[in-house]
Every structure is written in C-alpha cells, then in structure tokens.
Amino acid sequence: MPELPDVEIFRRRLEAHARGRAISAVHILDKRLLDAVSAARLSCILEDSRVVSTARHGKHLFVELDNGSLLVLHFGMTGEILTLGRGAGTPRYTALRLAFNDGSGVAITSRRRLGHIALAKDASAFIRSHELGPDALDPTLDIQAFQAALGSPRSAIKSALMDQSKLAGIGNIYSDEILFQAGLGPTVRVGDLNYEQRNRLFQTMRRVLKEAVERGVLSEGTTAALPGDWLLGHRAKGERCPHCGTAVQASKVAGRSCYFCPSCQVD
DNA sequence: TTAAGTGTTGCTCT
DNA sequence: AAGAGCAACACTTA
C-alpha cells in the first residue's frame, strides 16, 4: 500500500499529531524492523526528545528530533502510522509505539514486517546513500529533469516509473494508474515516447499523485475516496475499464502484477 | 487443506 | 549491464 500518496498522508498525520510534542515513552515491540540500530539505542535517543518537523522523500518518512537525530521510516508493503488517543491500546502489528506527555501517541505498524526503522544524520545524506532519485512531486522537477530521470531508452515505462533510483515514490499501483490516465501501455519503451507523450506522462504523474494525497485515499479504506473513473478501483481480473468498458487486462511487467486497458492505452 | 497471490526492496544470476 | 528470479515476511484468497 504505502506509495508516495500514502506516505504523504502518514506524514501529515504525524505532523498534525506529533509536531512539537515531547516523547515520554518508547515501546519497541518488534526489533526485526530496526535497521542498524539497537532497540536500546533507539529508545534512548527517542525518549524525552521532541518532534521538530517531518519530511518525506519518495516512500521514506523523516522525523526530525530536537536532539539532532533523524528518525527514518519505511513502510514496506503493509506498514502504517496510526494516531492513538489517550488510553488507547496498542494496535495489532505495532512495531514501534511512541507515547507523548499528554497521554496520546502514535503507532508504527507492519503486518508483513517488510518496512524499516532507522536513524540517519540528515535526510540528504540518507537519500544519497540509498541512491534515491528525485521525489516524484519535487516542485523543482521539470520536464527536462523528468526525461533524464526516466533513464535508459530501452526500459519499459512502467519499470522506469517504479525505479526508486530514477524517481522516488511511485510503486506498482500508482504506476498503473498514471499510465492508464496518460493513455500509455505499460510496456512502451522510454525511448519510444515522443515529446507530447513524455509531457503528458509528466503532467499526469503529478496530477494523479497530488489528487490521491488530497483525497486522503487511506482515510476511506482503500479506493472509496477516489474518482470512479480511475483505474485503481477496477484493478482486478474481471473488471471493466471505467472509460470504455473494455475488459481490464492483467499481465506481469518487471515481475509485478500489472493491470491496464488494452483499448485506452496505446503501445 | 494447501498453495498461490500480494501496493516493497535488494540480492544473485544471467 | 539491465533484467529476471527469488527471498524476506505474514496474511488473504482460490
């Protein structure tokens, strides 16, 4: 689930609920998500610190603390951030729970334990060392930078969009949605796009990601809050294209399940 | 009941 | 050297 829009929603949730608050207690319930940091050290650093700000790059969430440390969160396939009211219990699959001095708190959960919890010096060093490309919604990203980010002309456009070292934030779901709305087949080669198609892909990418964030996709379960003419709610076998009614086609691209409309999306 | 599938990533092998 | 295949994991669906 957590791609750029989802992580941005988590960030806003954290920003609204945790910013300026002091962490009074730290509960680490699953050490397996910790990346190169011991539970003891993480607890020690988090406890009594205050959340100064939050930031996001692609699918990574950064939490800046007033002691100079930076908490880095990645949600894998099933992670979430939940806010907890006073006296709330610990949600199922919680890996890390932070309690604030007013009794409220947040829980970082991970059902499949594929995420990561780490500490870093600063965000830009982390982004560099993890070889992440520019954030897909970086306001300074222009069409030239976008084209450069797509990289090798021979790679399938869906693979290029999902490659975090080229462009950070887009995963399997949103790559399908973006390509559907841009009218491009998933296996179109990057080098075969003309300028008009590249520009349309770029504009569509930004519009789709922004709209998904603004609609708060996660707040209503999965897809209920999305426009009915998006592919996302029809991304399954036996579904029909919301534009033309053609049967949605399922395939595999770069080892990932892929859904598209063979009629609306050109090759 | 068992097996296959899954919104991620990173490693190995070609 | 880019791409396929698989492992990590735990749960859901067929």
Side-chain angles (χ1 to χ4, degrees), chain A residues 1-10 29-36 56-61 72-81 91-96 108-118 126-127 129-133 135-136 149-181 186-192 205 208-209 211-213 215-226 230-239 248 250-260:
Chain A
M1 183 207 298
E3 301 182 29
L4 186 153
D6 315 296
V7 178
E8 177 60 20
I9 290 164
F10 295 155
L29 292 95
D30 194 339
K31 289 188 245 189
R32 283 176 288 185
L33 269 76
L34 302 189
D35 212 8
R56 183 191 56 72
H57 186 96
K59 303 174 188 173
H60 288 271
L61 182 51
V72 184
L73 304 173
H74 186 278
F75 300 93
M77 283 172 76
T78 55
E80 281 185 272
I81 288 190
R92 216 175 161 195
Y93 311 119
T94 298
L96 172 65
I108 286 102
T109 68
S110 184
R111 193 158 55 83
R112 285 174 63 184
R113 299 200 168 88
L114 291 177
H116 296 282
I117 297 172
F126 181 91
I127 290 161
S129 67
H130 287 250
E131 298 182 329
L132 297 172
D135 184 82
L150 289 179
S152 164
R154 286 193 310 286
S155 63
I157 185 63
K158 178 173 168 67
S159 313
L161 286 175
M162 287 195 297
D163 186 336
Q164 302 301 299
S165 69
K166 294 182 162 114
L167 214 52
I170 299 169
N172 200 28
I173 289 290
Y174 282 97
S175 62
D176 275 6
E177 187 64 50
I178 291 162
L179 290 169
F180 171 70
Q181 294 198 31
T187 55
V188 170
R189 307 278 141 186
V190 165
D192 290 342
M205 171 186 83
V208 166
L209 295 175
E211 196 165 340
V213 172
R215 296 236 174 193
V217 181
L218 291 171
S219 61
E220 308 276 333
T222 34
T223 59
L226 287 175
W230 281 29
L231 179 67
L232 225 150
H234 310 272
R235 201 177 165 281
K237 270 207 173 79
E239 290 281 340
V248 166
S251 69
K252 283 253 190 237
V253 177
R256 313 294 302 280
S257 63
C258 172
Y259 295 83
F260 64 99

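Order of the sequence lines fixes the chain letters, A, B, ..., with proteins taken first and strands second; residue numbering starts at 1 for each chain.
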Check your understanding: Do the rings of His60(A) and Phe126(A) sit parallel, tilted or perpendicular, given the 30° and 60° boundaries?
Key -> perpendicular

Check your understanding: For dT12(C), what is the paired nucleotide under Watson-Crick or G-U wobble rules, both distances under 3.5 Å?
Key -> dA4(B)

Check your understanding: Should dA2(C) form a Watson-Crick or G-U wobble pair with both distances under 3.5 Å, which nucleotide is its partner?
Key -> dT14(B)

Practice item. Could you tell me the separation between the CD atom of Glu131(A) and the P atom of dA1(C), rounded to a whole number of Å? Key: 14 Å

Exercise for review: Rounded to whole angstrom, note down the P distance from dT9(B) over to dT12(C).
Suggested key: 22 Å

Exercise for review: Indicate yes or no for a side-chain donor-acceptor contact from Glu211(A) to the backbone of Leu209(A) under 3.5 Å, with no hydrogens or angles considered.
Suggested key: no

**Study point:** Whole-Å C1' distance, dC11(C) and dG10(B)
**Key:** 22 Å

**Study point:** Whole angstrom value for the distance that separates P of dA4(C) from CZ of Arg154(A)
**Key:** 12 Å

Exercise for review: Indicate, with a heavy-atom threshold strictly under 4.0 Å, whether Ser110(A) touches base, sugar-phosphate, or nothing.
Suggested key: nothing

Review point. Contact class for Ser257(A) vs. all strands (heavy atom < 4.0 Å): base, sugar-phosphate, or nothing?
Key: sugar-phosphate

Practice item. Can you tell me the distance, in whole Å, between the CG atom of Leu4(A) and the P atom of dT9(B)? Key: 11 Å

Practice item. Would you mind telling me which of dA4(C), dT6(B), dT9(B) lies closest to the side-chain atoms of Gln164(A)? Key: dT9(B)

Check your understanding: Which distance, rounded to the nearest 0.5 Å, do you find between the CG of Asp192(A) and the CD1 of Ile157(A)?
Key -> 10.5 Å

Check your understanding: Between Glu3(A) (side chain) and Tyr174(A) (backbone), is there a donor-acceptor pair under 3.5 Å?
Key -> yes

Exercise for review: Report which part of the nucleic acid His116(A) touches: base, sugar-phosphate, or nothing (heavy-atom distance under 4.0 Å, all strands).
Suggested key: nothing

Exercise for review: Answer syn or anti for dG5(B), where the cut-off is 90° from 0 on the glycosidic torsion.
Suggested key: anti

**Study point:** Gln164(A) side chain to Ile170(A) backbone, donor-acceptor under 3.5 Å
**Key:** yes

**Study point:** Spacing of the P atoms in dT1(B) and dC9(C) (rounded, Å)
**Key:** 24 Å

Check your understanding: Which whole-number value in Å describes the distance from His60(A) NE2 to dG10(B) P?
Key -> 7 Å

Exercise for review: Scan Arg56(A), Lys59(A), His57(A) and name whichever one has a side-chain hydrogen bond (donor to acceptor under 3.5 Å, both in side chains) with Asp135(A).
Suggested key: Arg56(A)

Check your understanding: Lys252(A) NZ to dG5(B) P: how many Å, rounded?
Key -> 7 Å

Check your understanding: Under 4.0 Å between a side-chain N/O of Lys59(A) and OP1 or OP2 of dT9(B), yes or no?
Key -> yes

Exercise for review: Grab the NZ-P distance between Lys237(A) and dT6(B) for me, whole Å please.
Suggested key: 8 Å

Practice item. Kindly indicate, with the supporting measurements, whether the criterion side-chain contact (heavy atoms from CB on, under 4.5 Å) is fulfilled by Lys158(A) and Asp176(A). Key: CA-CA 7 Å; Lys158(A) 178 173 168 67; Asp176(A) 275 6; 2.7 Å; yes

Point to revise | d(CG, Asn172(A); P, dT8(B)) in whole Å | key: 6 Å

Point to revise | Any His74(A) side-chain N or O less than 4.0 Å from OP1/OP2 of dT8(B) | key: no

Exercise for review: Between protein and nucleotides 5-14 of chain C, map the contacts as a letter string: B base, S sugar-phosphate only, - none, heavy atoms under 4.0 Å, written 5' to 3'.
Suggested key: ---BBBS---

Just list the side-chain donor-acceptor pairs under 3.5 Å for residues 108-115 of chain A, sequence neighbours left out, or say none.
from, atom 1, to, atom 2, distance (Å)
Ser110(A), OG, Arg113(A), N, 3.1
Arg113(A), NE, Asp30(A), OD2, 2.1
Arg113(A), NH2, Asp30(A), OD2, 3.2

Exercise for review: Take atom OH of Tyr259(A) and atom C1' of dT6(B), then tell me their distance rounded to the nearest Å.
Suggested key: 10 Å

